[in-house]
Amino acid sequence: MTDRATKQYETMQAHFRRAAEQRGFVVDPAQRPAVERLSRLAGELARVGLLHRRPPRHVYLWGPVGRGKSWLVDTFLDGLATPHARRLHFHDFFRRLHEGVAQHTADPHRDAAGERVAAVDRAVDELLGDCRVLVFDEFHAHDAGDAMLVARLFRTLLDRRITLVTTSNYPPAGLMPNPLYHHLFEPTIRLIEERMDVVEIAGPVDFRRERRSSADGGQQRFTQGARLRPGDDSGLGALGLGAPTAGEAAEVVVHGRPLRAEAVRDGEVWFGFAELCEGLTSAADQLALAERFPTLVLTGVPALEDATADGRRRFADLVDVCCDRDVRLVLIGADPIAGPAPDESLFRDLDRTASRLALLRST
């Protein structure tokens, strides 16, 4: 390393130690390889700043839910000495990418040579601007309908002079687990393995199970959620909630399409499982709801073995979105993860969803 690169490497190492101390813990042994690789990356980026042509190798961090992957990349970004770094969550980025691709497909553009510019390239340009370091958090590929767009997106990102850091709950080979569609994603998996340094974070500690406190001394909203039995009025009362009346039913317009809610109150929305998970909704719709409502109540929740494959996938997405966006999620119905496990090849594995549901109070 050059002197400048070495200094940035050492600065990032010290930054990780301070960030952990401020939160009252030390870096877990299982996290140290990631800290080392991200610190080296900080040094490599400083070297790139000295007019080196090629950016450093990209980094792919993966491991089970709750191992601190998001904290690692957030701390890394916070310690970087560049204004051209961005962190984007997969659901949010992919939602905006879809919107951009649709817009540019309807309004095609040609470059100075008269060649048509692909809609996905124009959409990525608008989303990233002058970004030089991109953290792509919670990357996954489960939806066969989006497989080709995800593959094209990844090729586009890796071919640009952007240093990409991703987090995922899956090793590259575990992406797109449905055996019916896995072969469609194999070229992207090979690209990831060739162009990215893959670092596993798989220690025994699930940090999400340790309820954390917010800056004002209260718990995070998601961990204030609950899994309740139908008719548990006392459980609702303890949450400051009351069952909807028939007159509270209303429509919530999401991306131009109405969704039928059982109740819409200040900062609170109620939906039935059939409407939100078995209906034709997407993770993008769930993100839009999470941005509008700090509390989301889902009624009529079945055991997942009794839901359709699409319903299970949308439910898993909803749990992800609420946890990642810190929305208080209240589930009313059966224990969704009780009973025999449904065919995991039809949707993401139950471990991730079960780990996040374990954060909710249960009655």
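Keep in mind it's a predicted model, so treat the numbers as computed, not measured. In this chain, numbering begins with 1 at the start of the sequence shown.
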Exercise for the section: From the options Asp197, Leu38, Thr166, Asp137, select the one residue that forms a side-chain contact (heavy atoms from CB on, under 4.5 Å) with Leu61. Expected result: Leu38
Please check if [X] and [Y] belong to a single hydrophobic cluster, counting links between Ile, Leu, Val, Met, Phe, Trp and Tyr side chain heavy atoms closer than 4.5 Å.
{"X": "Val330", "Y": "Leu318", "answer": "no"}
{"X": "Leu357", "Y": "Val301", "answer": "yes"}
{"X": "Trp270", "Y": "Leu276", "answer": "no"}
{"X": "Phe93", "Y": "Tyr170", "answer": "yes"}
{"X": "Leu329", "Y": "Leu236", "answer": "no"}

Practice task
Please step through salt bridge (Lys or Arg N to Asp or Glu O under 4.0 Å) for the pair Arg265 and Glu248, ending with a clear verdict.
Solution key: CA-CA 8 Å; Arg265 300 165 179 165; Glu248 289 185 285; 2.8 Å; yes
Do you know which two heavy atoms are closest between [X] and [Y], and how far apart they sit?
{"X": "His182", "Y": "Ile189", "result": "CE1-CD1, 3.5 Å"}
{"X": "Pro56", "Y": "Leu41", "result": "CG-CD1, 3.6 Å"}
{"X": "Val101", "Y": "Val120", "result": "CG2-CA, 3.8 Å"}
{"X": "Phe185", "Y": "Ala151", "result": "CE1-N, 4.1 Å"}
{"X": "Ala249", "Y": "Arg260", "result": "CB-NH2, 3.7 Å"}
{"X": "Ala42", "Y": "Met12", "result": "CB-CE, 3.8 Å"}

Does any part of the side chain of [Y], heavy atoms only, come nearer than 4.5 Å to the side chain of [X], both counted from C-beta?
{"X": "Val73", "Y": "Lys69", "result": "no"}
{"X": "Val252", "Y": "Leu289", "result": "yes"}
{"X": "Tyr60", "Y": "Leu164", "result": "no"}
{"X": "Val124", "Y": "Asp121", "result": "no"}
{"X": "Trp62", "Y": "Glu200", "result": "yes"}
{"X": "His84", "Y": "Cys131", "result": "no"}
{"X": "Val321", "Y": "Val327", "result": "no"}
{"X": "Leu259", "Y": "Phe271", "result": "yes"}

Handout entry: Sequence-distant partners of Glu193, salt bridge (Lys or Arg N to Asp or Glu O under 4.0 Å), two or more places apart
Key = none
Donor + acceptor pair across side chains of [X], [Y] (<3.5 Å):
{"X": "Tyr9", "Y": "Glu36", "value": "yes"}
{"X": "Thr167", "Y": "Glu138", "value": "no"}
{"X": "Gln286", "Y": "Thr281", "value": "no"}

Exercise for the section: Could you check Val26 against Glu21 for side-chain contact (heavy atoms from CB on, under 4.5 Å), going step by step and ending with a plain yes or no? Expected result: CA-CA 6 Å; Val26 296; Glu21 289 169 359; 5.7 Å; no
If I take atom [atom1] from residue [X] and atom [atom2] from residue [Y], how far apart are they, to the nearest 0.5 angstrom?
{"X": "Gln8", "Y": "His15", "atom1": "CD", "atom2": "NE2", "value": "10.0 Å"}
{"X": "Arg67", "Y": "Gln31", "atom1": "CZ", "atom2": "CD", "value": "10.5 Å"}
{"X": "Glu268", "Y": "Leu241", "atom1": "CD", "atom2": "CG", "value": "5.0 Å"}
{"X": "Arg160", "Y": "Leu158", "atom1": "CZ", "atom2": "CG", "value": "11.5 Å"}
{"X": "Thr163", "Y": "His58", "atom1": "OG1", "atom2": "NE2", "value": "6.5 Å"}
{"X": "Thr75", "Y": "Arg18", "atom1": "OG1", "atom2": "CZ", "value": "11.0 Å"}

Problem - Derivation and outcome, side-chain contact (heavy atoms from CB on, under 4.5 Å), residues Arg40 and Val35 - result: CA-CA 9 Å; Arg40 284 196 291 113; Val35 169; over 6 Å; no
Exercise for the section: Taking the six-membered ring for Trp and the single ring otherwise, decide whether the centroids of Phe139 and Phe154 are under 6.0 Å apart. Expected result: yes
Practice task
Assess the pair Trp71 and Phe76: is the distance between their ring centroids shorter than 6.0 Å?
Solution key: no
Taking NZ, NE, NH1 and NH2 as the nitrogens, is one of them in [X] or [Y] under 4.0 Å from a carboxylate oxygen of the other?
{"X": "Glu305", "Y": "Arg312", "answer": "no"}
{"X": "Arg227", "Y": "Asp232", "answer": "no"}
{"X": "Asp335", "Y": "Arg229", "answer": "no"}

Handout entry: Chi angles and distances behind the side-chain contact (heavy atoms from CB on, under 4.5 Å) call for Val165, Phe136
Key = CA-CA 6 Å; Val165 178; Phe136 206 29; over 6 Å; no
Exercise for the section: Inspect the surroundings of CG in Asp266 and state if more than 12 heavy atoms from other residues, nucleotides or ligands are less than 6.0 Å away. Expected result: no
Practice task
Apply the test salt bridge (Lys or Arg N to Asp or Glu O under 4.0 Å) to residues Arg122 and Asp125: give CA-CA distance (whole Å), side-chain angles for both, the deciding distance (0.1 Å), then the verdict.
Solution key: CA-CA 5 Å; Arg122 292 183 66 194; Asp125 283 338; over 6 Å; no
Exercise for the section: For a salt bridge (charged side-chain N to carboxylate O under 4.0 Å, His left out) with Glu44, tell me which candidate from Arg37, Arg57, Arg4 qualifies. Expected result: Arg37
Exercise for the section: Return yes if some donor-acceptor pair links the side-chain N/O of Arg328 with the main-chain N/O of Ala226 below 3.5 Å, else return no. Expected result: no
Problem - Donor-acceptor contact present, side-chain Asp159 to main-chain Thr156, <3.5 Å - result: no
Exercise for the section: Please step through side-chain contact (heavy atoms from CB on, under 4.5 Å) for the pair Val297 and Val269, ending with a clear verdict. Expected result: CA-CA 6 Å; Val297 184; Val269 66; over 6 Å; no
